[in-house]
Amino acid sequence: MLNYKRYQKNPVVSMPERTWPDKEILKAPVWCSVDLRDGNQALIEPMVVEEKIEFFNMLVKLGFKQIEVGFPSASQIEYDFLRQLVERKLIPDDVVIQVLVQCREHLIARTMESLEGVKKAIVHIYNSTSTLQRDVVFHKDRQEIIEIAKTGTRLVKEAVKDFAGEIQLEYSPESFTGTELDFALDICTAVQDIWQPTKENKIIINLPATVEMNTPNVYADQIEWMSTHLKDRENIILSVHPHNDRGTGVAITELALLAGADRVEGTLFGNGERTGNVDILTLAYNMFSQGINPELEIEDITKIMATYERLTKMNVPERHPYAGKLVFTAFSGSHQDAINKGIKAMKERNQTIWQVPYLPIDPSDIGRKYEPIVRINSQSGKGGVAFIMETYFGFKLPKGMHKEFADIIQKISEVQGEVAPDQIMQVFKEQYLEKKEPIHFKTLKMEDRTDTSDVFETVVTVVYTDDGIRKQFESAGNGPIDAVQRGLQDEFGIRIKILDYNEHALKEGSNAQAAAYIHMCDLDSGKATFGVGVSSNITRASIRGLFSALNRMYYQTDESSRSK
């Protein structure tokens, strides 16, 4: 049994005055990508300079206006990368780069040196503040921890005096989620007092969920408490940097935005230490699905993912929200049927607002295709097969035919697993369109009688082959289908009835073909089956459908003799 008694609950916030539950996300936050620092340091094989430059250029194209480029005082490759961005003039005027540095004099000096020539940058200082780290890592009390933050702030402020560009300060009480709120407030206020931010030059106070320690609502309470208690709130950009230890990184971020956060630091697909950072793309697409402009150029998720996987050597999971290869795929028959009906309803209603069951967004809006939406396996139902036939190949199977054809496909899937759309179409041809043996319809001659006193108005002459032997019959009826049906009964000594008839155009234009569906019943046995015919002439398509049904009814491939 799991030894759960080794663990204890983390503290929650007593905040009956909370307001975030009644709020909605109405706009995108300020996005800051930390792929090149937090994300890169968590790679098994960190990116080299040229790979980081390509990744940086992708982030710029995606519309990120704030990009953390690294920890230039920590390693030479981080320093060299930043210098390459500057010297090759790769930083657009509207993009602000961010650098991380500890609150130490020589590291801040090295960082400022790396920024030479940058027009605008964010210098991000931090120190750990949690109760646990103060005790077991630093062995310092509250005031000593505050002094670290104050010293770092003074060092940056002093260094900025000789810097030609514009510097914005960001401060993070690292391990904020494990820090007492009153202490977090004290240390952030101490930094504010030294930096002296204004409305024109705001300070970024970043409150990271360095480790997720509780349910998302607790983080939201912590953020709202800080947002309402920080002094001179109008001079602060309140930022969050969530991780995903409990698997709720996206949830805590969305609730933090409700609670007053203005800015989000994260990575494209959630890469980062341990279980990762918050996934910015999922956040952005979530907003998009609610009719909110995410203010990022993310129309082609497939291209973004391909570049990401190549540069990071990481794989995006198949079930990853929005990007995963299977997220727009439905195996369940009931899901397939609902998707089919939803898309059909939108088309029939000329609906502009996207509303399709099981698909929160239109895959084509983010560079995905309809092709993988429905895949057929042994768990799929009749609606899924019908959806494939209509969406991929234009055949609108009558409702009564859905089960008959789906049963054929299910038998195949039970043997081999998933059945691809092309294979489904091939089986459809074999079972219906090319069901021409042993009775193969050849030609039809039709004549309408002018003598209205006769019961039957149409006379047909049908030429066919029976096991390759050419034969013909003549018959009369009320229209060509009725006439051919009567002729088949007389010719083969059978009693049949047409239960249903459907037809539709397969494509538009002068070369359009028509599909005809015949539902035929043998009156002696009660057995019924469908036949399908295709031709540019609807009458000929109907007769082909009759012969298709005849062969399916009486001449199945596994039968050695004719059954009547």
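Atom set for the values below is all heavy atoms of this structure, side chains included, hydrogens, waters and symmetry mates excluded.
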For this session: Could you go through the ring pair (Phe, Tyr, Trp, His ring centres under 6.0 Å) check for Tyr501 and Tyr517 one step at a time?
Result: CA-CA 6 Å; Tyr501 168 78; Tyr517 306 86; 8.9 Å; no
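No side-chain donor-acceptor contact under 3.5 Å links Ser548 to the backbone of Arg544. Here the side chain of Glu390 pairs no donor or acceptor atom with the backbone of Leu397 at under 3.5 angstrom. Arg246 places a side-chain N or O within 3.5 Å of a backbone atom of Asn214 that can act as its donor or acceptor partner.
Side-chain contact of Asn286 with Glu254: a donor-acceptor pair under 3.5 Å is present, judged by distance alone.
Taking the ring centroids of His440 and Phe547, they lie at or beyond the 6.0 Å cut-off. Separation of the Tyr432 and Phe530 ring centroids does not fall under the 6.0 Å cut-off.
In this pair, Tyr285 and Tyr322 present their aromatic rings tilted. The plane angle is within the 30 to 60° band. Note: His320 and Phe269 have perpendicular aromatic rings, judged against thresholds of 30 and 60 degrees for the angle between ring planes.
Salt bridge absent: Glu348 and Lys341 never bring a charged side-chain N and a carboxylate O closer than 4.0 Å. Residues Asp407 and Lys411 are not paired through a salt bridge, judged by the lack of any N-O separation under 4.0 Å between the basic side chain and the carboxylate.
No more than 12 heavy-atom neighbours from other residues, nucleotides or ligands sit within 6.0 angstrom of NZ on Lys396.
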